[in-house]
Amino acid sequence: MLTLTDIRNKRDEIEKALAKRNLQAGETLDAILKEDENRRACQSELDAVLAESNSISKEIGNLFKSGKREEAEAMKVKTVDLKERSHELKEKQGQIDEELKQLLYKLPNVPHPSVPLGMSDEDNQVESEWGTKPVLADNAVPHWELTERYGLIDFELGVKITGAGFPLYKGKGAKLQRALIQFFLDNATDAGYTEYMPPLLVNEASGIGTGSLPDKEGQMYYMPADDLYLIPTAEVPLTNVFRDVILKEGDFPIKLTGYTPCFRREAGSYGKDVRGLNRLHQFDKVEIVAIEHPDNSYDTQKTMIEYVQGLLEKLELPYRTLRLCGGDLTFASALTFDLEVWSAGQGRWLEVSSISNFETYQSNRIKARYKGEDGKTHLVHTLNGSALALPRIVAALLENNQDEKGIRIPEALRPYTGFDYIS
RNA sequence: GGAGAGCUGGCAGAGUGGUCGAAUGCACCGGUCUUGAAAACCGGCGUGCCGCAAGGUACCGGGGGUUCGAAUCCCUCGCUCUCCGCCA
């Protein structure tokens, strides 16, 4: 969430920047400022009341000690009103804090100045394109036919065991998953990311920390018996490592990676895009996360993008890099780049990675800070990106590399798969 | 799952109703001394909020209660440890 200090100091700037998201935030901002004023007034009064009552209590103690019992008893009366008033004020302050929090939760992050104007994904800016789209034979097919033809994935069995969106990988299909995970993790650790293997279920505090909760869209699987949530991405446990942590200036950059399955209910997303591997309830992903000093976070984002681009190049997948426009930017992000691979069998681009700088939006929620050279604490910047999500990579790999003999495995992956063709 | 013990500042650990935001030790930072370092000595050393500041206020696992006053007593939730049970 945005910091109160920023809203206080840069209200108009923020309103203007949020307009890029096609959001009229003026009313909310004013409500926040007003509520903030109430909060401070309330706090000042409460502090004064408590100060008086504390000093009376101290006096009573002294009187008792020096044996002046009656005087002490008489003094107790004076605290009655103060006590009542302090209870009132505490309750009022609790309400104000809650309302303030709700208002702050409503506001998305302020877009970076470089974010282009736009309403939807159609307005995203293509930054660069790499590779050549393969020219496939006339009888080329989309991946869902290939996975069936070569016995790689059984969607029907997944339905039988669990339900739609839970594919069952078999044989070389399963091995390919394992190979990709290993390939991504090895590359990430070589690039200086420390591997973490986090829990797949998280508590409420972690969900709130990354903004996954409150889950307005009902995207997370919830286990009521234990009050836990299945993670929608490794970002949730990995970022929460730094919840309520105060780092030192010299700790940066902190770079983590982790493989996890990801669970998403995808409530409300039905239609043509859900075919095959395009959208699943459970999928595998290797995530990279960076915790950075505010001065360096945009440089770090750049290196993260280049890193993921390198992965796609090793996999010989044609891709393009998009700078997301204001209308397509996710709630918590200040600047996001999407990487899309060309899916030759479907004849369209598939989003495989989203690399975002959240600046202090997440760290303000999780209270991830560092002690600066000025001796004060400041919020860190958090970043993350997929590196990479498997299903669409698999879709493109299968489709783009199909020929009359079967499916060719890219060079870089062969040490991991142990086979160079699927036939 | 059952029984017991516990949860205090970066760590260790004292504190069982007032003078406690909290002793002491270690770690850390600054200084004196030294050619340099170590040792020794001196000083500093949690976080949030309000305030221009002085200062005030809150926090001893979370929440609630008793009391003029709670780290300390009570309730509740969470977690950790030990023993037992079950188990990959």
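Per chain, numbering begins at 1; letters A, B, ... match sequence-line order. Values below: all heavy atoms of this structure, side chains included; hydrogens, waters and symmetry mates excluded.
Across all strands shown, nothing is found opposite B:A27 as a Watson-Crick or G-U wobble partner with both distances under 3.5 Å. Under the Watson-Crick or G-U wobble criterion, with both distances below 3.5 Å, B:G9 has no partner in any strand shown. For B:U66, there is no paired base (Watson-Crick or G-U wobble, both distances below 3.5 Å). Summarising the base pairing, B:A40 is matched to B:U32 through a Watson-Crick or G-U wobble pair whose two defining distances lie under 3.5 Å. As the counterpart of B:G46, B:C59 is assigned, both hydrogen-bonding distances of the Watson-Crick or G-U wobble pattern falling under 3.5 Å. With a cut-off of 3.5 Å on both Watson-Crick or G-U wobble distances, the partner of B:A54 is given as none. Checking B:U82 for Watson-Crick or G-U wobble geometry (two distances, each under 3.5 Å) identifies B:A3 as its partner.
If you look at A:Y229 and A:F263, their ring centroids are not closer than 6.0 Å.
The side-chain tip of A:K172 points at the ring of A:F419 from less than 6.0 angstrom away and within 45° of straight on.
At distances below 3.5 Å, at least one donor-acceptor pair connects side-chain atoms of A:Q402 with backbone N or O atoms of A:E399. Of the possible polar contacts, none joining the A:E292 side chain to the A:L383 backbone as a donor-acceptor pair under 3.5 Å is found.
Rounded to a whole angstrom, the distance from the P atom of B:A5 to that of B:C73 is 14 Å. Spacing between B:C45 and B:U24 at atom P, rounded to whole Å, works out to 13 Å. A gap of 13 Å separates the P atoms of B:C59 and B:G65, to the nearest Å. Between B:G64 and B:G10, the distance separating the two C1' atoms is 31 Å to the nearest Å. For the P atom pair drawn from B:C83 and B:C29, the interatomic distance equals 39 Å after rounding to whole Å.
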Would you be so kind as to tabulate the donor-acceptor pairs closer than 3.5 Å made by side chains of residues 250-259 of chain A, with sequence neighbours excluded?
| unit_1 | atom_1 | unit_2 | atom_2 | d |
| --- | --- | --- | --- | --- |
| A:D251 | OD2 | A:K248 | N | 2.7 |
| A:K255 | NZ | A:A191 | O | 3.0 |
| A:T257 | OG1 | A:E287 | O | 2.9 |
| A:Y259 | OH | A:D284 | OD1 | 2.6 |

Which side-chain N or O atoms in residues 40-52 of chain A pair as donor and acceptor under 3.5 Å with protein atoms at least two apart or in another chain?
| unit_1 | atom_1 | unit_2 | atom_2 | d |
| --- | --- | --- | --- | --- |
| A:R40 | NH1 | A:D36 | OD2 | 3.4 |
| A:Q43 | OE1 | A:Q93 | NE2 | 3.2 |
| A:Q43 | NE2 | A:D47 | OD1 | 3.4 |
| A:Q43 | NE2 | A:D47 | OD2 | 3.3 |
| A:S44 | OG | A:R40 | O | 3.1 |
| A:E45 | OE1 | A:R85 | NH2 | 3.3 |
| A:E45 | OE2 | A:R85 | NE | 3.0 |
| A:E45 | OE2 | A:R85 | NH2 | 2.7 |

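Taking a 6.0 Å sphere around NZ of A:K175, one finds it holds more than 12 heavy atoms contributed by other residues, nucleotides or ligands.
If you walk RNA chain B from 5' to 3' and mark each nucleotide with an atom closer than 4.0 Å to a heavy atom of chain A, the marks span B:G18 to B:G69.
The residue A:I246 sits close only to the backbone: its heavy atoms come under 4.0 Å of sugar-phosphate atoms, none of a base.
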